[in-house]
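In what follows, every chain begins at residue 1, and chains take the letters A, B, ... in the order their sequences are listed. This one's a predicted model, so the numbers in the text were calculated from it and none came from an experiment.
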Amino acid sequence: MSKNTDELFKNVIAHAKEYGFVFPSSEIYDGLSAVYDYGQYGAELKNNLKTYWWKAMVQMNENIVGIDSAIFMHPKIWKASGHVDGFSDPMIDNKDSKKRYRADQLLEDKIARYDKDGKTDKAEALQTAMDEALKNEDLPRLKELIIEHEIACPVSGTRNWTDVRQFNLMFSTQMGAVADDADVVYLRPETAQGIFVNYLNVQKSGRMKIPFGIAQIGKAFRNEVIARQFIIRMREFEQMEMQFFVRPGTEMEWYKKWKETRLQWHLALGTDAAKYRYHDHVKLAHYANAAVDIEFDFPFGFKEVEGIHSRTDFDLSQHQQFSGKKMQYFDPEIDPATDKPYGNYIPYVIETSIGLDRMFLLTMMNAYEEEDLSTDEKQDSRTVLRLHPCLAPVKAAIFPLIKKDGLPEKARAIMDKLKLDFNLQYEEKDAIGKRYRRQDAIGTPFCITVDHQTLEDNTVTIRHRDSMQQERVAADDLDKIIGALVSWKNLLR
RNA sequence: GCGGAAAUAGCUCAGCUGGUAGAGCAUCAGUUUCCCAAACUGAAGGCCGCGGGUUCGAAUCCCGUUUUCCGCUCCA
């Protein structure tokens with residue numbers, strides 16, 4: 001990370017806090033690690049990002065509908081999805097090499113070596129002891145076994161181990177009054193499963209025909225071992241996901257289509273295309289047969305913002321098996337190869353999943369600029385958030401040029417009419433230039449100034465954030481003018 | 001989780017070798033009436049992250065702890 005970009009990242013974080021976009025959670029109690037709150041402007045910006053996504057995905061596609069599923073779900077769902085087993089591993093660190101290992105794998109390696117050396121009885125004894133310990137989740141016993149069998153770190157060669165710890169990335173809590181094992185529920189680690197378990201409900205009640213999609217925006221929780229880099233990796237975060245159900249065999253064309261469509265969504269905001277890249281997964285997750293990340297060039301390098309995954313029929317098949325409910329779809333369309341309907345099958349799934357908090361940070365990074373406005377006579381600069389007008393928290397600010405001669409009253413009257421349509425701010429404190437700069441700092445795209453001429457002919461000036469240029473317009477036309485400039489049409493077309 | 005660095009007003013920071021806290025900006029009230037910040041007057045704002053120790057005395061030295069940043073590690 002170069003000094004400049006490092007500086008930029010720090011400045012954006014400081015700006016986000018100072019101007020009410022993002023605060024550390026529970027700050028008066030020293031904060032809570034890797035948890036953040038959105039402030040008065042952050043909440044607006046985040047809502048606008050959600051609206052943009054929802055409109056683009058749900059409203060603009062006849063065959064995609066949106067749902068809002070609960071965070072708590074039946075515990076069996078996480079067994080079916082593979083999260084219960086796959087998300088928790090007994091880990092142990094070597095204090096000298098600082099390397100971390102899965103305790104069970106270290107023991108497995110040792111067993112293999114015993115077998116190779118012909119010490120089969122030792123191998124069997126260790127295997128039995130390890131299975132027993134794993135079954136009982138007896139972590140101290142696992143460490144004992146590692147010590148007893150003199151297992152050394154392959155890197156440092158020492159046996160200086162930490163305790164064995166369980167890293168379960170799912171948060172859990174109890175449901176009901178009695179704390180019993182059977183009542184453990186998890187906070188969902190992804191929103192996708194809420195869509196899969198409602199697939200039948202939506203398909204039937206919405207009379208959806210394949211191909212169709214189900215979209216959802218919601219919170220997810222992961223007990224990350226290390227969560228860092230501001231809101232890039234948080235323990236509580238928000239996802240915007242869409243699962244698209246297709247006929248098996250057609251998944252690759254849909255995968256390609258969504259890969260392109262999703263990048264377009266990002267670029268429509270006016271971001272430099274060079275800031276984005278695709279990153280194809282070489283090593284695929286157990287459920288996927290193709291996966292790509294859309295990455296953004298953050299100050300600390302390219303980072304995943306969105307993933308497009310071809311999840312095959314893994315999830316629906318798993319739920320069919322675990323729930324005993326048939327997840328199949330009857331496809332009446334005629335297969336040209338057989339002249340018969342395609343018939344019953346479990347649909348394949350293409351998933352698009354974007355991290356809303358990362359998208360938020362990306363948007364801030366992109367918009368933030370410290371602009372040098374110096375002339376020969378005078379040094380000058382401003383900090384401006386060049387947010388797309390659709391995303392800006394405050395659409396326009398209204399100022400009386402001065403605080404007397406009836407200008408404040410006139411400005412208030414204009415504001416009262418416009419606030420029916422837009423989120424506005426009124427300010428009369430300080431010099432007009434200072435008020436412009438304050439609005440620049442929170443990304444307000446337009447400032448409307450009421451001056452003495454307004455009292456005569458009912459015209460005002462609109463000052464544009466990016467160009468700092470002003471134009472004089474009729475006050476009665478403001479709703480139309482601003483409405484056109486902040487319309488979602490500009491992004492969705 | 002390991003190693004390194006940091007934490008003082010809303011923000012950016014100063015405060016030397018221990019003597020109970022300061023600036024600029026921001027904020028608020030007033031003055032000024034100006035179309036692109038930093039004009040004038042006044043006010044408010046701090047258990048110097050938290051806990052303990054050394055000391056007559058700690059923002060300052062020592063230990064612990066929390067949080068943040070950087071590197072390693074992890075990230076289905």
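Side-chain proximity of Arg437(A) to A37(B), C35(B), U33(B): nearest is A37(B). Closest approach to the Thr449(A) side chain among U33(B), A37(B), C35(B) is made by C35(B) (side chain taken as heavy atoms from C-beta onward). For Gln470(A), the side-chain atoms get nearest to C35(B) when compared with the rest of U33(B), U68(B), C35(B). With C36(B), U33(B), C35(B) as the candidates, the nucleotide lying closest to the side chain of Thr461(A) is C35(B). Nearest nucleotide to the Tyr36(A) side chain, out of U27(B), A37(B), C69(B): C69(B). Taking every side-chain heavy atom of Ser381(A) into account, A37(B) is the closest of C28(B), C36(B), A37(B). Between U33(B), C69(B), A26(B), one nucleotide has an atom nearer to the side chain of Lys404(A) than all others, and that is U33(B). For Tyr436(A), the side-chain atoms get nearest to C36(B) when compared with the rest of C69(B), C36(B), A29(B).
Summarising the geometry, the separation between CG on Leu373(A) and P on C36(B) is reported as 12 Å, rounded to the nearest angstrom. Rounded to a whole Å, the CD1 atom of Ile448(A) is 15 Å from the C1' atom of C35(B). Rounded to whole angstrom, the span from the CD1 atom of Ile402(A) across to the C1' atom of C36(B) amounts to 17 Å. Residue Tyr19(A) contributes atom OH, which lies 9 Å from atom P of A26(B) at whole-angstrom precision. Across the protein-nucleic acid pair, Phe21(A) atom CZ and C11(B) atom P stand 16 Å apart, rounded to whole Å. Atom CD in Glu427(A) sits roughly 13 Å away from atom P in A26(B) (whole-Å rounding). Here A26(B) presents its C1' atom at 11 Å from NZ of Lys429(A), a figure rounded to the nearest Å. One interatomic measurement links the two molecules: CD1 of Ile462(A) to P of C35(B), which rounds to 19 Å at whole-angstrom precision.
Residue Lys257(A) qualifies as enclosed at atom NZ: its count of foreign heavy atoms under 6.0 Å is above 12. Within 6.0 Å of NZ on Lys256(A) lie no more than 12 heavy atoms contributed by other residues, nucleotides or ligands.
Between U27(B) and Arg438(A), a contact under 4.0 Å exists linking OP1 or OP2 to a side-chain N or O. For Lys434(A), a side-chain nitrogen or oxygen approaches OP1 or OP2 of A26(B) to under 4.0 Å. In this structure, Lys17(A) does not reach the G10(B) phosphate: none of its side-chain N or O atoms is under 4.0 Å from OP1 or OP2.
Remark: A58(B) base-pairs with no nucleotide; criterion is Watson-Crick or G-U wobble with both hydrogen-bond distances under 3.5 Å. Remark: C16(B) base-pairs with no nucleotide; criterion is Watson-Crick or G-U wobble with both hydrogen-bond distances under 3.5 Å. In this structure A37(B) sits in no base pair that meets the Watson-Crick or G-U test at under 3.5 Å. Nucleotide G42(B) forms a pair with C28(B), judged by Watson-Crick or G-U wobble geometry with both contacts under 3.5 Å. Nucleotide G3(B) is matched to C70(B) when pairs are restricted to Watson-Crick or G-U wobble geometry with both distances under 3.5 angstrom.
A donor-acceptor pair under 3.5 Å links the side-chain atoms of Arg188(A) to the main chain of Ala70(A), judged by distance alone.
When the nearest nucleotides of RNA chain B are assigned to Glu18(A) and Ile13(A) by heavy-atom distance, the more 5′-ward of the two goes with Glu18(A). Where Arg472(A) and Asp430(A) each meet RNA chain B at their nearest nucleotide, the meeting point lying more 5' is that of Asp430(A).
With both ends at atom P, the span from C48(B) to A58(B) equals 12 Å, rounded to whole Å. U27(B) and U12(B): their C1' atoms are spaced 16 Å apart (whole Å). Between the C1' atoms of U60(B) and A14(B), the separation comes to 14 Å (whole Å). Rounded to a whole angstrom, the distance from the P atom of C2(B) to that of A59(B) is 30 Å. When the P atom is used for both G64(B) and A6(B), the distance is 15 Å, rounded to whole Å. Here the separation of G22(B) from A29(B), taken at their P atoms, is 26 Å to the nearest Å. Comparing the same atom, P, in G46(B) and in C11(B) gives a spacing of 13 Å after rounding to whole Å. Distance check on atom P: G42(B) versus A23(B) gives 14 Å, rounded to whole Å.
Cation-pi check for Arg412(A) over Tyr426(A) is met; the charged atom lies under 6.0 angstrom from the ring centroid and within 45 degrees of its normal. Because its NZ or CZ atom is both nearer than 6.0 Å to the ring centre of Tyr436(A) and within 45° of the ring axis, Arg463(A) counts as a cation-pi partner of that residue. For the pair Lys259(A) and Tyr278(A), the cation-pi criterion (under 6.0 Å, within 45° of the ring axis) is fulfilled.
In summary, of the residues considered (Tyr36(A), Tyr38(A), Tyr41(A), Trp53(A)), a ring-ring contact (aromatic ring centres under 6.0 Å, His included) with Phe360(A) occurs for Tyr38(A) alone.
Residue-to-nucleotide contacts include no donor-acceptor pair under 3.5 Å from the side chain of Asp440(A) to the base of C36(B). The base of C36(B) has none of its N or O atoms less than 3.5 Å from a complementary donor or acceptor on the side chain of Arg382(A).
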Please evaluate residues Arg277(A) and Asp297(A) with respect to the criterion salt bridge (charged side-chain N to carboxylate O under 4.0 Å, His left out), reporting the C-alpha separation (whole Å), side-chain torsions for both, the decisive distance (0.1 Å), and the verdict. CA-CA 8 Å; Arg277(A) 76 174 184 201; Asp297(A) 192 6; over 6 Å; no

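Base contact: Leu401(A) has a heavy atom under 4.0 Å from a base atom. Base contact: Asp451(A) has a heavy atom under 4.0 Å from a base atom.
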